[in-house]
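We count ligands from 1, going down the list as the structure has it; atoms in each ligand are counted the same way. In this chain, residues are counted from 1 in sequence order. Just the heavy atoms: all of them, side chains too, but no hydrogens, waters or symmetry mates, feed the values below. None of the values given here were measured: they were computed from a predicted structure.
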Amino acid sequence: MPMNQSFKNSLFPVLKKITDHYQTPFHIYDEAGIRKTGERLKEAFSGIDVFKEFYAVKALPNPKILKIMQSMGFGFDCSSITELQLCRTIGASADDIMLSSNNTSQEVFQAAAEDNGCILNLDDINLIDKVPHFPELISFRYNPGGRRTGNDIIGKPLEAKYGVSHEQIVGAYKKAKEKGATRFGIHTMVASNELNHQYMVQTAQMLLELVTTISAELDITFEFINIGGGMGIPYQPDIPGLDLESMGSEITELFDIFKKLHGYAPALFMESARCMTGPHGALVVTAINRKEIYRTYIGVDASMSALMRPALYGAYHHIDILGKEQSEKMETVDVVGSLCENNDKFAIQRNLPPAIDGDILIIHDTGAHGHAMGFNYNGSLRPKELLLATDGTTELIRREERAEDYFATLQFEPDHLTL
Ligand SMILES: *Cc1c(COP(=O)(O)O)cnc(C)c1O
């Protein structure tokens with residue numbers, strides 16, 4: 001079920017009105033769907049004493065969306081200064097922000113310490129001595145190397161630049177303890193777009209076992225384990241989604257066992273982004289040119305700068321043509337943008353109802369890692385973002401980029417160096 005069906009049901013009947021008013025192209029997000037998924041996530045883990053989602057800001061860094069997350073009691077996973085600023089702008093507190101950066105600079109550590117700080121999740125043992133004011137509460141990102149289970153989309157942990165190795169992990173907490181830390185958490189992220197919930201259960205199990213080992217060696221307890229993001233969504237039609245309810249009950253069982261053995265259980269944190277917002281966004285474009293050469297091309301009024309995933313990963317995004325959903329007639333086309341890059345395609349050799357100029361195309365599942373990944377190559381400007389709100393209104397939540405934005409970095413004080 002690519003694109004949440006209830007989103008489709010609420011969007012398609014009003015889409016003509018929206019495109020008439022705002023003009024394409026735009027990404028549009030479904031508040032009702034995001035809230036429903038958030039509640040489903042909370043419900044799935046309601047058997048655990050403390051559960052908290054830290055939405056990974058990079059996937060959809062729009063303050064309006066972040067406020068929806070905040071209203072559901074969620075925190076935020078950040079990795080850059082601007083992401084920290086974005087969360088603080090909407091009033092997120094220190095407990096609500098987790099900094100999971102890698103290759104972290106001094107500037108990022110300084111920004112993290114401002115405004116009462118945030119939860120620091122360190123990516124390397126060498127960073128321990130580089131944190132300006134070592135905090136009471138510290139977390140490390142664990143890279144299990146050859147031990148991990150999961151899919152390959154994120155890359156093999158042995159080749160991944162992230163995290164503290166298995167051999168280093170006990171030493172990392174020992175050193176942090178010597179630095180004055182008294183409260184501890186642990187983090188990992190070993191999957192991406194994973195649809196098999198077993199991998200997420202195994203991730204929780206791996207961290208709980210690790211917590212047991214580290215606790216025994218260092219006489220410390222853990223406030224939280226953070227199993228990262230990586231829960232997948234079915235981009236293709238007719239494939240089942242991740243079984244969130246089974247994931248919830250199986251992880252809850254692991255926490256119950258841990259609690260029986262140790263007399264306490266840590267909180268469960270996660271940083272889901274794709275599964276939180278992915279299916280609740282769509283890129284809406286207009287067909288502007290139909291071209292028939294060796295293949296048939298449907299040229300639309302947006303390019304890969306509005307949605308990188310197909311070009312970057314060969315990712316599938318389902319496409320509907322408004323009013324032609326029931327069409328019997330189909331043709332095989334490439335749906336393309338206007339960049340001078342042959343991978344500027346939203347779909348390759350896709351079966352679609354015949355499109356003519358002026359048709360509205362809905363590109364599904366752009367609510368995570370969509371607009372945010374965009375870029376300005378070829379002078380392309382990114383589209384606006386809209387929110388389909390639960391009160392039945394539509395709101396502009398980011399305007400489109402304009403030429404003056406593109407040229408803004410060309411306005412600066414002259415700076416010549418004579419050599
Ligand atoms: C990107 C990222 C996430 C979110 O991943 P999804 O696959 O979108 O859920 C979570 N945590 C970290 C550290 C990330 O880099």
Closest approach of any protein heavy atom to [atom], naming residue and atom:
| atom | result |
| --- | --- |
| atom 5 (O) of ligand 1 | Met189 CE, 3.5 Å |
| atom 7 (O) of ligand 1 | Gly230 N, 3.2 Å |
| atom 2 (C) of ligand 1 | Lys58 NZ, 2.4 Å |

Q) Is Ser100 in polar range of ligand 1, meaning some N or O pair under 3.5 Å apart? A)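 By distance alone, the answer is no.
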
Q. Would you say Met231 has any N or O atom under 3.5 Å from an N or O of ligand 1, going by distance alone?
A.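 N/O-N/O distance under 3.5 Å: no.
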
Q. According to the interplanar angle, ranging from 0 to 90°, do the rings of Phe375 and Tyr377 count as parallel (below 30°), tilted (30 to 60°) or perpendicular (above 60°)?
A. parallel

Q. In terms of ring plane angle, is the pair His318 and Tyr316 parallel, tilted or perpendicular, where the classes change at 30° and 60°?
A. tilted

Q: Give a yes-or-no answer on whether the side chains of Thr366 and His371 include a donor-acceptor pair shorter than 3.5 Å.
A: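 Side chains of Thr366 and His371: no pair found under 3.5 Å.
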
Q. Just checking, any donor-acceptor pair under 3.5 angstrom between side chains of His280 and Glu31?
A. no

Numbered atoms of ligand 1 (with element) below 4.0 Å of [X], judged on heavy atoms:
| X | answer |
| --- | --- |
| Ala56 | 3 (C), 4 (C), 10 (C) |
| Gly229 | 9 (O), 10 (C) |
| Ser272 | 9 (O) |
| Arg141 | 13 (C) |

Q. Would Lys42 and Glu39 pass as an ion pair if we require N to O under 4.0 Å?
A. yes

Q: Check the surroundings of atom CG in Asn351: do more than 12 heavy atoms from other residues, nucleotides or ligands lie under 6.0 Å from it?
A: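 Yes.
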
Q) Taking the non-hydrogen atoms of Ala59, is any one of them nearer than 4.0 angstrom to ligand 1? A) no

(Q) I want to check a possible cation-pi pair here: Arg88 against Phe76, using under 6.0 Å from ring centre and within 45° of the ring axis as the test. (A) no

Q: Kindly say whether Leu339 contributes a backbone atom to a donor-acceptor pair with the side chain of Asn378 at under 3.5 angstrom?
A: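 Judged by distance alone, no pair lies under 3.5 Å.
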
Q | Best match, His369, Glu271, Glu194: closest heavy atom to atom 4 (C) of ligand 1 | A |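 Comparing heavy atoms across His369, Glu271, Glu194, the nearest one to atom 4 (C) of ligand 1 lies in Glu271.
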
